[in-house]
Amino acid sequence: MKYIDKLRNSGLRPTKQRLQICEVLFDTDKTFHFTINELDQKIKDKIHNKISLATIYNTVHAFEKKGYLKQIPVNSNQTYFDTNITDHHHFYNLKDGKLIDLENSDVGPINIKRKIDGKKIKSIEVLVKLED
């Protein structure tokens, strides 16, 4: 199976449920954003099987830790994940809670003037919150 290495590299045993999670996450033409609950629903819709929320949560966080997914904290009580792991910006629609990719070319130069001793900037990602 094509996801066994990805699971093992993430420190996870390749169980049937985890392989099904991989299919939903990575067997798509387009990248997408999701919350754990949205992924749970997507799994139910696609494979018509119930996978425990704990298994989904642990798998997603193991993939994020390994760099297969990107975590996007929107506010203190809402975290999204992105299957597009490149550095890029987002619009966040406050009304419907949806993230929309914003191309790097759509954002002008960002000038960070403050320096932190012993640290360097790894990446800059802009989150633009939208309202009606």
Side-chain angles (χ1 to χ4, degrees):
M1 298 277 281
K2 62 183 176 180
Y3 299 117
I4 289 175
D5 287 342
K6 190 171 276 207
L7 285 162
R8 287 190 176 137
N9 288 338
S10 301
L12 299 170
R13 228 170 19 92
T15 63
K16 179 182 174 190
Q17 287 94 354
R18 288 185 181 129
L19 289 166
Q20 290 172 325
I21 293 169
C22 286
E23 283 178 35
V24 173
L25 286 174
F26 305 116
D27 250 2
T28 62
D29 293 334
K30 294 175 67 177
T31 61
F32 64 98
H33 309 102
F34 63 91
T35 64
I36 298 290
N37 289 334
E38 288 170 347
L39 182 59
D40 181 41
Q41 188 59 53
K42 196 172 183 105
I43 290 166
K44 287 176 189 168
D45 293 345
K46 185 171 182 178
I47 63 171
H48 309 291
N49 193 10
K50 175 76 173 123
I51 298 175
S52 81
L53 216 48
T55 299
I56 295 169
Y57 179 90
N58 291 334
T59 304
V60 165
H61 281 278
F63 283 159
E64 186 267 333
K65 210 176 268 182
K66 191 65 180 172
Y68 296 131
L69 296 172
K70 178 182 275 195
Q71 186 173 359
I72 303 166
V74 171
N75 54 44
S76 63
N77 63 353
Q78 190 65 34
T79 298
Y80 285 80
F81 294 88
D82 196 343
T83 58
N84 177 354
I85 58 171
T86 65
D87 292 336
H88 63 286
H89 312 295
H90 292 94
F91 282 122
Y92 177 68
N93 188 334
L94 292 166
K95 184 175 182 180
D96 65 10
K98 296 292 179 204
L99 278 174
I100 303 158
D101 284 342
L102 181 59
E103 299 300 320
N104 290 336
S105 60
D106 295 330
V107 177
I110 298 170
N111 184 11
I112 308 295
K113 295 179 181 179
R114 182 173 175 210
K115 304 266 189 248
I116 305 286
D117 287 340
K119 301 290 181 184
K120 66 178 185 171
I121 295 173
K122 179 182 180 240
S123 68
I124 298 172
E125 296 176 34
V126 174
L127 177 68
V128 180
K129 294 182 180 181
L130 305 172
E131 66 181 1
D132 292 339

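We number each residue from 1, following the sequence as shown.
Outside the 6.0 Å centre-distance limit, the rings of Y3 and Y68 are not counted as a close aromatic pair.
Exactly one of F34, F63, F32 qualifies for a side-chain contact (heavy atoms from CB on, under 4.5 Å) with F81. That residue is F34.
Side-chain contact between K6 and F26 is present, with at least one heavy-atom pair separated by less than 4.5 Å. Proximity of T83 to L69: side-chain heavy atoms (C-beta onward) are separated by under 4.5 Å at one or more points. Using a 4.5 Å heavy-atom cutoff, the side chains of D101 and D82 are in contact.
Minimum interatomic distance between I47 and I51 (heavy atoms only, all atoms of both residues): CD1-CD1, 4.0 Å. I43 and N49 get closest at one heavy-atom pair: CG2-O, 4.0 Å. When all heavy atoms of Y57 and I36 are compared, the closest pair comes out as CA-CD1, 4.1 Å. Listed here is the closest heavy atom pair of A62 and S10: CB-O, 3.8 Å. Shown here for Y80 and K98, the closest heavy-atom pair between the two residues is OH-N, 4.4 Å.
Between atom NZ of residue K46 and atom CD of residue Q20 there is a gap of 10.5 Å, rounded to the nearest 0.5 Å. The CG atom of N37 lies 8.5 Å from the CD atom of Q78; values are rounded to the nearest 0.5 Å. The NE2 atom of H90 lies 5.5 Å from the CG atom of L99; values are rounded to the nearest 0.5 Å. The distance from the CG atom of L19 to the OG1 atom of T15 is 6.5 Å, given to the nearest 0.5 Å. Between I56 atom CD1 and Q41 atom CD the span is 10.0 Å, to the nearest 0.5 Å.
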Given side chain to side chain contact (heavy atoms under 4.5 Å, CB included), test D27 with K2 step by step and report yes or no. CA-CA 10 Å; D27 250 2; K2 62 183 176 180; 2.9 Å; yes

Please assess I85 against T31 for the test side chain to side chain contact (heavy atoms under 4.5 Å, CB included), listing each intermediate value before the final yes or no. CA-CA 9 Å; I85 58 171; T31 61; over 6 Å; no

I would like to know whether L12 and N58 meet side chain to side chain contact (heavy atoms under 4.5 Å, CB included); could you show each step before the answer? CA-CA 9 Å; L12 299 170; N58 291 334; 5.6 Å; no

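Under the 3.5 Å distance criterion, with hydrogens and angles disregarded, no donor-acceptor pair is assigned to the side chains of H88 and N104.
Note on I4: it clusters hydrophobically with V24, by side-chain heavy-atom contacts below 4.5 Å among ILVMFWY residues. Linking Ile, Leu, Val, Met, Phe, Trp and Tyr whenever their side-chain heavy atoms come within less than 4.5 Å leaves L94 and F91 in two separate clusters.
Within the structure, the salt bridge (Lys or Arg N to Asp or Glu O under 4.0 Å) test picks out no pair touching residues 104-118 (sequence neighbours left out). Applying the salt bridge (Lys or Arg N to Asp or Glu O under 4.0 Å) test to pairs two or more places apart or on separate chains, none has a residue in residues 49-65.
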Could you list the donor-acceptor pairs under 3.5 angstrom formed by side chains in residues 120-132, with sequence neighbours left out?
unit_1	atom_1	unit_2	atom_2	d
E125	OE1	K70	NZ	3.4
E125	OE2	K70	NZ	3.1
K129	NZ	V74	O	3.4
D132	OD2	K95	NZ	3.3

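Panel note: side chain R8, backbone P14; no donor-acceptor pair is recorded below 3.5 Å.
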